[in-house]
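It should be emphasised that the depicted structure is a prediction, and the values quoted were computed from it without experimental measurement. Convention: sequence-line order gives letters A, B, ...; per-chain numbering from 1.
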Number of protein chains: 2
Amino acid sequence: MSSRRATISDVAREAGVSASTASVVFSGKVAVSDTTRAKVMRAADALGYTGPDPRAASLRTGRAGVVAVLFRERLGVAFRDPVTTAMMDGLTDALGPIGAGILLLTDEGPAESGPTLTTAPLDAAILLGCNEILQSSVDVLRRRGIPVVVIEGDAGSDVPRVLLDNVDAQRAAAEHVRSLGHDDVALVTLSTDATRARGFIDDSAPITVEVTRDRLRGAREVFPDAPAYAVSESSIDEGLAAGRVLLAGDRPTAIMAQSDLLAAGVIRAAEEAGLRVPEDLSVTGFDGITVDGLAPYALTTLEQDSLAKGRAAGEAVVAMLDGRDPASVTLTCTFRRGNTTGPLTV
Amino acid sequence: MSSRRATISDVAREAGVSASTASVVFSGKVAVSDTTRAKVMRAADALGYTGPDPRAASLRTGRAGVVAVLFRERLGVAFRDPVTTAMMDGLTDALGPIGAGILLLTDEGPAESGPTLTTAPLDAAILLGCNEILQSSVDVLRRRGIPVVVIEGDAGSDVPRVLLDNVDAQRAAAEHVRSLGHDDVALVTLSTDATRARGFIDDSAPITVEVTRDRLRGAREVFPDAPAYAVSESSIDEGLAAGRVLLAGDRPTAIMAQSDLLAAGVIRAAEEAGLRVPEDLSVTGFDGITVDGLAPYALTTLEQDSLAKGRAAGEAVVAMLDGRDPASVTLTCTFRRGNTTGPLTV
DNA sequence: TTGTAGGCGTTATCAT
DNA sequence: ATGATAACGCCTACAA
């Protein structure tokens, strides 16, 4: 046992061939005679050599086999949302062909996890729901020549994006609600900026999170004066809290939430307040996920294909890594009427 | 604009200093005069240099800033289980101090994602629910000198492990069930091996998944003859399917599931069959998670601290990276009686 | 089919 | 406080 780990030249020497030949045996890029291969393999075995060091290989080839996904929230929170997990599946599928691993990075780490985006070896990065903080990351990555794809966010015109038709979709839902006779509508939105502060949206403050802004705009095109309450994350609990606030005083006859989880929370708040859905309160969601345990309610919602979203992002990354220049993609949501919206009953 | 990306030597030359000095400016490891630092920074700016290339740095330092987590299932499936997400949070916390990213790898990728475990630059690996396939991965990693920690699995005595007292915990639950008078008990287990085949467990075939084996053993110590039906993953749907099978013929008076999600599915199956829980059927789970929408049921279950599990694994990794030699950790589950188990009513 | 040569971009060591 | 030098381990033209 030498103290040093064996390298490919050690193996080559032991096998009585040159280092490049040994390298070729492992990469399989060039034909090698069977006897040579056998010799090299035997030598490798004898030395306990398990293959090229990924670090050295990646320096040489310029490829690390890693694609990073940057989240804006704690991983636990992000993955609690089926939209995220489905997206990860789509991403995994699309990345399969290039055999890349997925590196999870977070925006707001506990201590000082900051540097990892610029510090970790990666071939490409996917940014989720880009906000002002991420913008700077994009700049760094782009200057470094690392392909970047943004999902539901804006990072300059020449960064490929995967988007939803949030404005249109939310407007369609709003029109549905109005067609039922509702006029007194309140909105529950996702977080508006990096602070994730809860509370009624002050229309003078800018909304830096694009999803939030777009869905809000869609709803406001139909209900310009609807009050909007922002929460800090997409979860049933946050929806419950928001619902309590909105149902406390002069209560609206309909509440439109920006995610299904939030909508589920709102429904709970309604039940808590002794209201029936949809007779006393109509509720809409967004995403089209199956919220466990919400039965017998079937949310009126906008269905999005999050698997396709992840896949599109993955495919864009693969294309960029391949030197191509993928176009941005806009996926379309489908309006689905459930049993949580109904006609206004005075 | 040169076609080549600027390197640290370019910056050094532009700044009129040596490459090593420039390097030190970026790493901050050694004192540098303010004027030198300023010069270097200005040069970097001018050349669009955004910092050392992680690939080269990792080759030189031997650190990639990446810890891999190897899953046995599709990511979407894994993350659908709150136990996993909580664990990831704990892991993130523990890894915070060393600022490492988390690389997600899967066992059974869609196409041929195989090589990434040996191909990706990583400093350490965490293996989840090790099975026979993983065993070989462990060997490779260990020979390569990459620290490995195994969560709920067995990979040889000198690999640090994070474990639960599965046998004891499950036995305790079984004793509770027996104390209620039940004698005719069926079990729903997690997958027994890499094939993940559904069906009744044939006691002659070995169970390679340790969690499954241990929880089964605990239950069998109390109910030696209880039939056990294995499912392919921990989900409500799989529990539902298993429940249907077990409740079809001569039905048991109690069903013990190896996870809360499975137990929730069993309860659904019971409702479907017109049975009341716990009057007609007692059900136990494992994990102690909150299953959304299971109210008003509160599962009788074994509570585990999955956050602590992830944290323990992360801490072990940090210790190993630090040259220390962490001991294995066994976490204890707490029995929690809910309202899904009741006395036998003939 | 195999070998030679050179460099990928960085940082640690040691000397100045 | 700064600089010269030498690896880190591998891969890919190109030559033989």
query = Please give, in whole Å, the distance from D:dT2 C1' to B:Asp34 CG?
reply = 15 Å

remark   = Residue set satisfying side-chain hydrogen bond (donor to acceptor under 3.5 Å, both in side chains) with B:Ser27, at least two apart, ordered chain then number -> none

ask   = Do any side-chain nitrogens or oxygens of B:Ser23 fall under 4.0 Å of OP1 or OP2 in C:dT11?
value = yes

message = I need the NZ-P distance between B:Lys39 and D:dA1, as an integer number of Å.
response = 14 Å

Secondary-structure string, 5' to 3', Watson-Crick or G-U under 3.5 Å, | for another-strand partners, for DNA chain D = ||||||||||||||||

query = Between C:dG7 atom C1' and B:Asp10 atom CG, what is the distance in whole Å?
reply = 14 Å

inquiry  = Applying a 4.0 Å non-hydrogen cut-off, can you work out what A:Tyr49 is touching in the nucleic acid: base, sugar-phosphate, or nothing?
reply    = sugar-phosphate

message = So B:Val17, base contact, sugar-phosphate only, or nothing? Heavy-atom distance under 4.0 Å.
response = sugar-phosphate

ask   = With a 3.5 Å cut-off and just heavy-atom distances, do the side chain of B:Thr36 and the base of D:dT2 make a donor-acceptor pair?
value = no

ask   = Who pairs with A:Arg60 by side-chain hydrogen bond (donor to acceptor under 3.5 Å, both in side chains), at least two apart in sequence or on another chain?
value = none

task = Could you tell me the separation between the OG1 atom of A:Thr118 and the CZ atom of A:Arg144, rounded to the nearest 0.5 Å?
result = 6.0 Å

task = Mind checking the CZ-OG1 spacing from B:Arg80 to A:Thr85? Nearest 0.5 Å is all I need.
result = 4.5 Å

query = B:Asp34: what forms a side-chain hydrogen bond (donor to acceptor under 3.5 Å, both in side chains) with it, not counting sequence neighbours?
reply = none

query = Phosphate oxygens OP1/OP2 of C:dT2: is one of them under 4.0 Å from a side-chain N or O of A:Ser18?
reply = no

message = Ring-plane angle category for A:Phe79 and B:Phe79, please: parallel below 30°, perpendicular beyond 60°, tilted otherwise.
response = parallel

task = Figure out the CD1/C1' separation between A:Ile8 and C:dT4, and round it to whole Å.
result = 15 Å

query = Would you call A:Glu152 and A:Lys309 a salt bridge, taking side-chain N to carboxylate O under 4.0 Å as the test?
reply = yes

ask   = Rounded to whole angstroms, how far apart are CZ on B:Arg13 and C1' on D:dA4?
value = 15 Å

request  = Please list residues of residues 50-62 of chain B whose heavy atoms come under 4.0 Å from any atom in DNA chain D, ordered by number; otherwise none.
outcome  = B:Leu59, B:Arg60

ask   = So which one's nearest nucleotide on DNA chain D is more toward 5', B:Ala31 or A:Ser9?
value = B:Ala31

ask   = Would you say the base of D:dA4 and the side-chain of B:Ser20 have a donor-acceptor pair closer than 3.5 Å?
value = yes

ask   = Rounded to the nearest 0.5 Å, how far apart are OG1 of A:Thr92 and CG of B:Leu105?
value = 10.5 Å

Show me the donor-acceptor pairs, under 3.5 Å and distance only, between side chains in residues 36-53 of chain B and residues at least two apart or in other chains.
| from | atom 1 | to | atom 2 | distance (Å) |
| --- | --- | --- | --- | --- |
| B:Thr36 | OG1 | B:Ser33 | OG | 2.6 |
| B:Tyr49 | OH | B:Gly51 | O | 3.3 |
| B:Asp53 | OD1 | B:Arg55 | N | 2.7 |

